[in-house]
Amino acid sequence: MTASATNYIEATRAGVVSKNAVGFTGGSIPHYTVVTGAALVTSYTDNRGWVAPAYLPSNGSVAVTAADVDLTVAANADTARCSYLTTTGFLTANRNVIVPNSWQAIVFCNNSGAFTTTFKTAAGAGVVVAQGKRAMLLADGTNVVRVTPDT
């Protein structure tokens, strides 16, 4: 990689991977934008287009009990991509389910306990779904908004 520069890593349609310090080449498949210092990578951005593998479930479940649940971390990525998400567990305090900024799903809040479950992005406002209820929610890039009322 070129030192002290922004490097653009891309592939041709034939699968040949290359890099340059000018920008993505027209017709190429962008992979990463990598910023380097004199000797180290200082940051990178994943520019790969994401396509859902056919094996991902459309229904998922996540236990929300003693702590907030972050669906933006890699370990929870499959759950974040589910179109129907059920929360379970006995709540010991009000809890958040942190979702990606471009998320949408129908959620079923199947928790128990005298507390609430809020679906929100890391930095935005969220929506409480009542226990035993379902709602269609989406993240608008900043906040989670309710598309349907609880049913």
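Numbers here simply count residues along the sequence, with the first being 1.
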Passing option when Phe119 is tested against Val128, Asn96, Leu137, Leu71 for side-chain contact (heavy atoms from CB on, under 4.5 Å) =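 That would be Leu137; it is the only one of Val128, Asn96, Leu137, Leu71 passing the side-chain contact (heavy atoms from CB on, under 4.5 Å) with Phe119.
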Scan Leu91, Thr88, Val129 and name whichever one has a side-chain contact (heavy atoms from CB on, under 4.5 Å) with Asn111.
->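 Running side-chain contact (heavy atoms from CB on, under 4.5 Å) over Leu91, Thr88, Val129 with Asn111 returns exactly one hit, Leu91.
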Just so I know, are the side chains of [X] and [Y] near enough to count as touching, which here means a heavy-atom distance under 4.5 Å?
X: Asn59; Y: Cys82; result: no
X: Ile98; Y: Lys120; result: yes
X: Val97; Y: Thr117; result: yes
X: Lys19; Y: Thr2; result: yes
X: Asn76; Y: Val62; result: no
X: Asn94; Y: Thr118; result: no
X: Thr92; Y: Thr65; result: no

Phe108: what forms a ring pair (Phe, Tyr, Trp, His ring centres under 6.0 Å) with it, not counting sequence neighbours?
->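 Testing Phe108 for ring pair (Phe, Tyr, Trp, His ring centres under 6.0 Å), a comparison that skips the adjacent residues, returns none.
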Check ring pair (Phe, Tyr, Trp, His ring centres under 6.0 Å) between Phe24 and all other residues, then give those that pass, not counting sequence neighbours.
->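 With neighbours one apart ignored, the set is Tyr8.
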Shortest non-hydrogen contact between [X] and [Y], atoms and distance:
X: Ala130; Y: Asp150; answer: N-OD2, 3.1 Å
X: Ala38; Y: Ala3; answer: O-CB, 3.6 Å
X: Thr79; Y: Ser61; answer: CG2-O, 4.3 Å
X: Arg81; Y: Asp78; answer: NH2-OD1, 2.8 Å

Determine, stepwise, if the pair Val107 / Thr87 fulfils side-chain contact (heavy atoms from CB on, under 4.5 Å).
-> CA-CA 8 Å; Val107 299; Thr87 60; 6.0 Å; no
Would you say Thr25's side chain and Ser28's backbone share a donor-acceptor pair under 3.5 angstrom?
->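 Judged by distance alone, no pair lies under 3.5 Å.
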Within the distance-only criterion (no hydrogens, no angle test), does the side chain of Asp46 pair as donor or acceptor with the backbone N or O of Arg48 below 3.5 angstrom?
->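 Yes.
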Could you tell me whether Gln104 atom CD has more than 12 heavy atoms of other residues or ligands within 6.0 Å of it?
->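 Open: at most 12 neighbouring heavy atoms sit under 6.0 Å from CD of Gln104.
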Out of curiosity, [X] [atom1] to [Y] [atom2], how far, rounded to the nearest 0.5 Å?
X: Asn110; Y: Gln131; atom1: CG; atom2: CD; answer: 9.0 Å
X: Asn20; Y: Asn7; atom1: CG; atom2: CG; answer: 8.0 Å
X: Thr148; Y: Lys133; atom1: OG1; atom2: NZ; answer: 11.5 Å
X: Ser4; Y: Leu40; atom1: OG; atom2: CG; answer: 10.5 Å
X: Met1; Y: Tyr32; atom1: CE; atom2: OH; answer: 10.5 Å
X: Ile106; Y: Leu138; atom1: CD1; atom2: CG; answer: 11.5 Å

Pair Glu10-Asn47, side-chain contact (heavy atoms from CB on, under 4.5 Å): steps then yes or no = CA-CA 9 Å; Glu10 61 192 11; Asn47 298 109; over 6 Å; no
Indicate if Tyr84 and Val147 have the same hydrophobic cluster label, given that clusters are the connected sets of ILVMFWY residues with side-chain heavy-atom separations under 4.5 angstrom.
->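 The answer is yes; both residues are in one hydrophobic cluster.
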Mind checking what makes side-chain hydrogen bond (donor to acceptor under 3.5 Å, both in side chains) contact with Thr86, not counting sequence neighbours?
->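 Thr86 satisfies side-chain hydrogen bond (donor to acceptor under 3.5 Å, both in side chains) with no other residue.
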